[in-house]
> 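Below you'll find the structure I mean.
Below, read A as the first sequence line, B as the second, and so on, with proteins coming before strands; counting in each chain starts at 1.
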Amino acid sequence: MQKHQYEVVVVGAGGAGLTAALYASRNASTAVISKLYPTRSHTGAAQGGIGAALGNTEEDHPEWHAFDTVKGSDYLGDQDAIEFMAAEAVDAVYELEHMGLPFSRNPDGTIAQRPFGGHTNNETGKPVRRACYAADRTGHMILQTLYQQSIKNQVKFFDEFYVLDLLIVDGKTAGLVAMELATGEMHIFQAKAVIIATGGHGRVWETTSNAYSYTGDGVALALRKGIPAEDMEFYQFHPTGIYKMGILITEGVRGEGGVLINGEGNRFMETYAPTVKDLASRDVISRAMYLEMKAGRGINGKRFMNLDVTPEVVNHYAEIDGRKNPDGSPYRVTASDILAKLPDIIDFCETYIGVNPVTDPMPVQPTAHYAMGGIPTNKYGEVVVDEKNTVLPGLYAAGEVACVSVHGANRLGTNALLDLVVFGKYSGLKAAEFANSEAYVDLPPDPEAYAMQQLNAIRNSSGKENMITLASEMKSVMAEHVGVFRVEEGMAEAVEKVRELKERFKDVRVDDHGSKYNMNLIEAWELSNLIDIAEVTAVSALARKESRGAHSRDDYPDRDDDNWLKHTLAWMENGGVRLAYKPVTMTKYTPKARSY
Amino acid sequence: MALSRKVGLLAGAKYKGGGPMLAWALHRISGLGIILFVTLHVIASFLTQQMGSDLGISINIFYESIYFQLFIVFCAIFHGVNGFRIIVLDIWPRLIRYQKESTWLEWFVILPLYLLTAFIMIRRFLAG
Amino acid sequence: MQVTLKIFRYNPEEDRKKHYDTFTLEAEPTDRVLDLLERIKGNQDGTLGFRRACAHGVCGSDAIRINGVNRLACKVLVQDLKTRQVVIEPILGLPVEKDLIVDMEPFFDHYRSVMPYFVNDDPPPAKERLQSPEERERFDDTTKCILCAACTTSCPSFWVNGKYVGPSAIVNAHRFIFDSRDQAAAERLEILNEQFGVYRCHTIFNCTDACPRDIQVTQAIGEIKKALAKGSLD
Amino acid sequence: MRSRAMPKPSWNLEYLMWIFTRISGLSLILLAVLGISLGLLMGARTQMDMGTLMRWAFFPNSNHVLDSEIPDIFLWANGFWQIMQILVVVFAATHGFNGLRVVLEDYTSPGFWQAALRFLIFLLWVFSGLVAIYVILGS
Ligand SMILES: Cc1cc2nc3c(=O)[nH]c(=O)nc-3n(C[C@H](O)[C@H](O)[C@H](O)COP(=O)(O)OP(=O)(O)OC[C@H]3O[C@@H](n4cnc5c(N)ncnc54)[C@H](O)[C@@H]3O)c2cc1C
Ligand code: HEM
Ligand code: SF4
Ligand code: F3S
Ligand code: FES
């Protein structure tokens, strides 16, 4: 066992973790712990863009961005935080540019922007170009740029260290326990402030755009320490994942003019969102696809749709829509425009399904994508642990793992990357500020005891249950019943099933008994995290008797602001889940019916 | 303990690098072949001409053998043509994306040149 | 269909000797090699060690040797292999820690040695630093690198000489050297001008062939050699 | 946009030899082509065999054509060819021994043996250069 002491310890080296570390390290000794090499973080997979009302090609305002986000969140987002994020967005993007991020450019040398779902000109209701992009690799560029700056600023990294436990002593953060994957050795980090930035948990579902590493470690860590998870029932299904594989096809494809076509050859989004059509927000489109497929209008009756970005189709519909370039000329694209703007998408399609999107449509289906819910925080990234938003001293969370909540019931595309850099920055600054004024909390006598006990339970289990079987049962029941559409009985069944799996997990089989790179053991641990999260998600969903954003129920098809305009808080207690609710922060946007 | 990073020549040779990797290996071998030849030859000439030593003559007999001659001529032609290709690509790096094509194209120059030369040499040799 | 995977094994704790294990399993033509490894690990041998994260070729975790060439396990489909006998080995030139997992530190050390970060000490403008689409295009290719090490570990020059900074580090230096906003091109070029810099590259081209992001690696190295020889960046 | 200044890179052995290798390679091709064409002009086709001509092309030393059926040795042995040959030898030896050094440094690690072998290559280079010039001028 080794001991380390840093004023601030950041868990996770994705967009949120690295931003936090860059800012925290300016004023406090800082270390970053990550189970993956930083550049393997899932931020690198983000494609389409980061939202900021720069107004480089057309009129735009942070206020419009804020309103779109509130509306996109189906009014569940906390409006103070949303206004804060939209206002900070512009500087955040310039700051990334100053760090060297190679954005795509307009002819005048400014950062290029493209339309994205739910981002509108608030006066005309038409789509607005707000997503700042670097081809279709925006997340890759953000992750690389932040990592490069971390090297420049000599941030201390502990790569391939897996965090197992958070140390909280008398309601104060004391540090954490991690395992060095290369050796299996335990490391205790004593810290004044800990920032959790471990990303999401899409691996709960069958078809997902998420990495193998997206196992919800951060939320599970918190839940086990009596910290609640907020709004877990709101999980986003992105409408366009590659059929069966789930690999994401960015919304940027539709931003560039791509359209969704059903089995009858129709552009069905006209019916569901007459103004912005294929650029409606994600919950709306995923639901529409689901309904179309249910009505037998999938391609060849199967459960997928075509996403068509071939120049003929794009130009055909651009003409119908009367879409214009910023200079007023009619919007038209050529094959080489598509190639230049979506190179990676084309590569994915050619590699995995042998389809060239420039000449043929892509088969797509909704794919599990993004966790709106997570560890509750305020707009400075401070973790809040109850209905009254009481701060837990020294604990911070940022990125997909956190629930600020700026995304409410449904996140708008491009707002996640924005969330990372804005709240990553403030949690980093706040954590360093906190560390400068506070002393270290003494570690408990046996800091690694709890983690060891859990590890040993897995190591010494009877070995009757196969991990893959448990995981696939969980994934299919969650996809079936806690997916795009939900009903009472289904969700109840899912809760039941997940609890059964939780029991069976106690007999999980681990083949590897070594200590070096024992990925087998780590994967078992990750599966236990996923099962906990599945349970909390299903229970939170079952309780919410309305449809809002990504949570849409056949048995309660309408939004119910009178009873349900509130955040869910879920605690893991006594082998079950306890729920409570807290109000949504409102500023100037009153809930309205939502149409696109 | 991790395994050593050392890559043996054999393990390396098993890597399926294709034309450009072969071209590099042959370039290296041929370059070494020529320098060996030149060194030997210079030494031999020195020994025979200046010292009248027999050693020089035996070296000369070795490298004047038809097999060594065929080898050396191949080395010279391959090294020269491939070296020219390398230099052209060094001057215009944009062409490097055609590296693969360039390595099989150069065989169209090397093979005829070499086969013709070898044919003439062998005919001479057989004719005595 | 059935495929057979012959996988390199090395466990530092159990056996001091490396060996190969053979696994046979059912596969779809559209399965990724990574899917096969996952299934072997799940159903046949949980001790198999390999890295992975994104599963679609953007994170750079899973560079391995498949049938004698460096590839990402998640970017090769069974149908691309054109054979049902698959040999899986760790990438060459880095110490093997366990099975297919190699020590990446020497690789990242080289990466860090070329100043792979943006340098511009002028006070930043209120908005963005302007850059024309053409200037942006100049270094586009090398911005795509995911640091997977497939290139560096396919390079015979690197195999025999671990001090060679390797193609990946050069690619990442190129990304900044040709960025019109950056100011440290001269320092980076000076680093690459050293004994273990670009001159260890003999245009062997394995790197370009191995790069899963289709980066023209050898070309990038060539552009740097040329810039050095000419003493100018144009 | 401000132009990006780039000071000349500092000169070191690797840098200079990289450039020299390209220049000498091109020169060697040029010299060989010159040797072959002039040789042919002087009647090599009827007067000598292929091997001899090749040898001539790379090392235009009159010793190389002595055994052939050439009527007028003076054409083949004069100051012009001596200069040609010195150029060839200097370029080839420098290019070749530097190549040998590169290969050596690839396959050995720094230390006593590498230093010793490097020195040996250096000696061979000096020796073969001097000897070659001596032979050329003496023939
Ligand atoms: C395919 C795809 C495309 C997307 N496109 C867009 C887009 O165009 N625009 C947009 O705004 N958003 C997009 N998103 C969403 C956005 O990219 C993610 O929400 C965001 O990148 C998450 O970043 P993060 O920093 O929170 O987490 P990550 O980048 O995933 O980082 C998590 C870090 O935590 C570490 N970690 C996790 N668990 C542990 C543990 N137990 N111990 C130690 N370390 C741990 C990991 O190693 C990793 O470094 C996309 C998402 C996906 C999946
Ligand atoms: C015909 C004209 C020649 C040309 C165009 C030529 C070209 C080249 C080039 C470009 C290289 C560098 C390769 C690299 O950096 O990867 C090289 C290397 C080399 N050359 Fe030549 N060369 C020629 C003649 C010779 C001769 C006559 C000799 C021997 C005396 C020779 C020996 C070598 C050696 C030993 C190397 C090093 C090989 C290596 O590093 O792999 N070359 N040559
Ligand atoms: S250049 Fe290509 S092969 Fe090399 S590390 Fe980068 S992505 Fe991987
Ligand atoms: S394989 Fe190696 S030698 Fe150069 S072209 Fe690539 S770095
Ligand atoms: S798993 Fe990410 S590149 Fe293969």
> Can you tell me which portion of C:Leu228 sits under 4.5 Å from chain D's heavy atoms? Options are side chain, backbone, both or neither.
both

> Within the 4.5 Å heavy-atom criterion, are C:Val96 and C:Phe8 side-chain neighbours or not?
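Contact flag for C:Val96/C:Phe8 side chains = yes.
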
> Short question: side chain of C:Asp182, backbone of C:Phe118 - any donor-acceptor pair under 3.5 Å?
no

> Measure C:Glu190 against the heavy atoms of chain D and call it side chain, backbone, both or neither at under 4.5 Å.
side chain

> Using side chain to side chain donor-acceptor pair (under 3.5 Å), reason through C:Asp122 and C:Gln183 one step at a time and then give a plain yes or no.
CA-CA 9 Å; C:Asp122 296 344; C:Gln183 293 177 334; 3.0 Å; yes

> State which residues pass side chain to side chain donor-acceptor pair (under 3.5 Å) with C:Thr203; sequence neighbours excluded, sorted by chain then number.
none

> Looking at side-chain heavy atoms only, is the closest gap between C:Arg51 and C:Asp62 below 4.5 Å?
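Side-chain contact under 4.5 Å: no.
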
> Identify which part of D:Asp106 has an atom lying under 4.5 Å from any heavy atom of chain C, answering side chain, backbone, both or neither.
both

> Quick check: do C:Lys225 and C:Lys230 have side-chain heavy atoms less than 4.5 Å from each other?
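The answer is no; the side chains never approach within 4.5 Å.
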
> Could you tell me whether the side chains of D:Thr94 and D:Trp125 share a donor-acceptor contact shorter than 3.5 Å?
yes

> Can you list the residues of residues 20-32 of chain D that sit under 4.5 Å from chain C, counting heavy atoms only?
none

